[in-house]
Amino acid sequence: MLENNRDEINYHKFLKSVRKSQGASLEKTGFGVYTKSGMSRVEAGTRLPDKLVRDRLTARLGISGEEYEEYLLPREYRQWQLRMEIIRCINKKEIASAEEKIDTYKSLYDINSVEKQFIETMRYMVYEMKGYADEVLQAQIYNALICTVPDIDAAFAGVQLLADQELNLIMEYVRLTTPEIPKLNATEWRLKEYNNIVTYVENSRMDKIAQAKVYSKLACLVAELILTEYVTEDGLRYALELCTRAIEALRDTVRLYYFVELNEYRIKLIEKIVALNCYEKENNELQGLLETSREWAKLLCELYTENNLSIYMENFAYLYTETECNNVSFVIRARRAMMGLTREKFCNNLCDERTVMRIEHEEGNPSMAIVRTLFDRVGICAEYKRARVITSNAEAMDISQKVFNLMDDYNHENAMLYLEKLYEYVDVEIPYNEQKLRRQELAIERREKHIDNENQIEELIDILECTLSLDCVMSRGKKYFTITELECLHDFATHTRGKEQLRSKEILENLCDDENFNITNCCIYTLLMNRIACIYGNEGKYEESNSVSNKLLKESLFNRKMYAITGCIYNVLWNYQQMKSVDNNYVIKQLYRAYLI
């Protein structure tokens, strides 16, 4: 059952295992990106795709990748940084800067089909901001789409797998294309193409986050089309079903993509259905849904307005935001400094000092064999792309996801059963795996009150030290932590008392002051910042606490992620109550907002 050893686990093994578990062929997975022989070389480990291609192949297999940590060599990291700068310019509507950076990107890097699609897609969003005519936009989106999807009909007929980014491009193309047929038939053609996307998603292995990204936009497009050009009761009900499905997908994944738009469309759809419908019982049920949508839309509109943010989605750059990317050079430099090692001591029997110096200074492009050796020295497993556990076993990844989902539902009994099963599938000789599984076990014990606070803190420190000593955590200077190490530090800060709490506060403050550490780059950022806000509030530093919560609230809204919003609202409300600076009406309003979310 345990098929992996540490040296074998890498991206090509991961990709092959997931592909085979889904019964997907090499041709369908790589269509438009690699030939069958090219895919064979990738899975054999003799050809390493660049990051965008790695992401595209795994996305076609249904993995959104938002919670995967990635380690990039310096050149590829700089390439990633430039992509994120382009996206930031588009989000800030800095058109001239976006165009300049797109041109720079194209001139600096080798352009494969996925890279070309990224460039053409970014140009399309720039053209939208410039207000270009639909004919120009249609031609541009077509140029982007055909880079990896040369034939839409063939794609839906099963010739290739599709990633969420590709499905989005198809949606844009269909929205902008007017076929050479009468208007009503053109509308039916669009509905048919949109329904093809629904069918594709339903029959795919797309994870929940990827589904939420596709459904949220698709439901808006269908609702707009039905309301303006195809107002029939069946059409209205179909659009309502899609909008409701999209809203639930967003709630399941705590995302806010098109959330206001979806609720506003749902309001219009229900009002039209009720006007056509004479069944009192159903109308009563729809009225309840109508009121919920009105409340949600009103709440989000208020929050976005209060934070000077756009209420509505203005582009789809969020589909191209890549998180959890780490520069190999920074990681090695930071971890060596955290451990208090000179280069001489660090290199002992591993390699020469000059090699480490060149890596830390981002000179050249070191081999991953050298990187792996150095990462081992600092307690990190060097995988190009890794999930919650280090494994290339697809079944193990599925079990790991089940554990996560069951714990999220507080179904601790079954979570523990699957966790025990997971031990049979993954190599716990890998420190990262041992740390991850033991932390999940401890979380279940804590929730079930099977361990007291003192023993829990001792266990947490021991779990953290699978990969990094607590003394290293307290060191000065730049730091690097894996996601699981950060989760351990969050747990430590949450449950420590007295002097230990002062120490945990110092750790979190140092982390959250780091300019490289933010909500875009790290999925656990919101948990840590919320903890800091709570600590400040408990210390009577109410203004500082509110400052942290308000910043986090605005960032969460901007990034269309809802999991920090309720905590921020509660925290600010609690601080104001302690300062006795609010009246009962404000308290009731804020509590109701938190309740709705």
Side-chain angles (χ1 to χ4, degrees), residues 28 31-33 60 113-114 116-204 213-243 246 258 261 265 268-269 272 312-316 319:
K28 287 185 179 182
F31 192 90
V33 179
R60 285 181 170 184
S113 60
V114 183
K116 183 180 179 183
Q117 188 171 77
F118 170 80
I119 291 169
E120 298 300 332
T121 302
M122 296 302 112
R123 288 198 195 282
Y124 170 79
M125 284 189 274
V126 168
Y127 290 174
E128 270 197 314
M129 287 191 287
K130 285 184 167 184
Y132 282 11
D134 281 355
E135 309 89 74
V136 178
L137 294 175
Q138 194 267 357
Q140 182 60 28
I141 205 69
Y142 179 73
N143 288 339
L145 177 60
I146 61 172
C147 293
T148 64
V149 187
D151 188 328
I152 297 175
D153 291 335
F156 285 135
V159 169
Q160 69 176 98
L161 300 179
L162 295 163
D164 52 357
Q165 293 173 351
E166 291 166 320
L167 289 168
N168 172 72
L169 293 177
I170 292 173
M171 284 186 259
E172 287 291 304
Y173 174 75
V174 171
R175 179 179 71 85
L176 292 165
T177 300
T178 303
E180 301 280 332
I181 48 180
K183 182 179 178 182
L184 182 60
N185 288 338
T187 300
E188 291 177 340
W189 172 79
R190 288 194 180 94
L191 286 174
K192 177 180 74 71
E193 295 299 330
Y194 291 148
N195 191 58
N196 282 337
I197 297 174
V198 173
T199 303
Y200 181 87
V201 174
E202 287 176 343
N203 294 328
S204 74
K213 289 176 177 178
V214 174
Y215 275 135
S216 55
K217 180 172 181 173
L218 180 61
C220 289
L221 291 172
V222 171
E224 177 66 22
L225 194 61
I226 293 292
L227 287 166
T228 57
E229 297 183 25
Y230 199 72
V231 186
T232 66
E233 186 170 350
D234 286 346
L236 293 169
R237 290 182 183 280
Y238 175 65
L240 177 61
E241 179 194 346
L242 267 186
C243 285
Y258 299 96
E261 293 93 325
Y265 278 125
K268 294 175 184 177
L269 291 163
K272 285 190 176 292
Y312 302 109
M313 297 288 289
E314 296 180 319
N315 59 56
F316 50 83
L319 290 172

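Everything numeric here is computed off the predicted structure, so don't read it as measured data.
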Between atom [atom1] of [X] and atom [atom2] of [Y], what is the distance when rounded to the nearest 0.5 Å?
X	Y	atom1	atom2	answer
Glu261	Lys217	CD	NZ	11.0 Å
Met313	Cys220	CE	SG	9.0 Å
Leu169	Glu120	CG	CD	11.0 Å
Glu172	Thr121	CD	OG1	10.0 Å
Gln117	Thr148	CD	OG1	3.5 Å
Tyr238	Asn195	OH	CG	3.5 Å

Heavy-atom check, side chain of [X] versus side chain of [Y], under 4.5 Å:
X	Y	result
Leu176	Tyr124	yes
Glu135	Gln138	no
Leu161	Phe31	no
Leu236	Leu227	yes
Ile141	Thr177	no
Glu193	Phe156	yes

For a quick test of reading the model, state the closest non-hydrogen atom pair linking [X] to [Y] and the distance between them.
X	Y	answer
Ile197	Met171	CD1-CG, 3.4 Å
Glu229	Thr187	OE1-OG1, 2.6 Å
Tyr215	Val198	OH-O, 4.3 Å
Ser113	Gly32	OG-O, 3.0 Å
Gln160	Pro150	OE1-CD, 4.0 Å
Val174	Arg190	O-NE, 3.1 Å

Under the salt bridge (charged side-chain N to carboxylate O under 4.0 Å, His left out) rule, what pairs show up with a residue in [range], not counting sequence neighbours?
range	value
residues 121-133	Glu99-Lys130, Asp103-Arg123, Glu128-Arg175
residues 150-161	none
residues 157-171	Arg56-Glu166, Arg60-Glu166

Side-chain donor-acceptor pair present, Tyr265, Glu224, cut-off under 3.5 Å: yes
side-chain hydrogen bond (donor to acceptor under 3.5 Å, both in side chains) involving Glu314 - partner list, sequence neighbours excluded: Lys93, Ser310
Side-chain donor/acceptor of Tyr200 to backbone N/O of Leu162, under 3.5 Å: yes
Between the main-chain N or O of Gly158 and the side-chain N or O of Lys28, is there a donor-acceptor pair closer than 3.5 Å? yes
With Tyr194, which residues qualify under ring pair (Phe, Tyr, Trp, His ring centres under 6.0 Å), at least two apart? none
Only counting residues at least two apart or in another chain, list the ones meeting ring pair (Phe, Tyr, Trp, His ring centres under 6.0 Å) with Tyr132. Tyr127
Under the criterion side-chain contact (heavy atoms from CB on, under 4.5 Å), I'd like the reasoning laid out for Leu167 against Val201: C-alpha separation, chi angles, the key distance, then a yes or no. CA-CA 9 Å; Leu167 289 168; Val201 174; 4.2 Å; yes
Flag the pair Lys192 and Glu188 as a salt bridge only when some basic side-chain nitrogen lies within less than 4.0 angstrom of an acidic carboxylate oxygen. no
Show your working on salt bridge (charged side-chain N to carboxylate O under 4.0 Å, His left out) between Arg237 and Glu241 and close with a plain yes or no. CA-CA 6 Å; Arg237 290 182 183 280; Glu241 179 194 346; over 6 Å; no
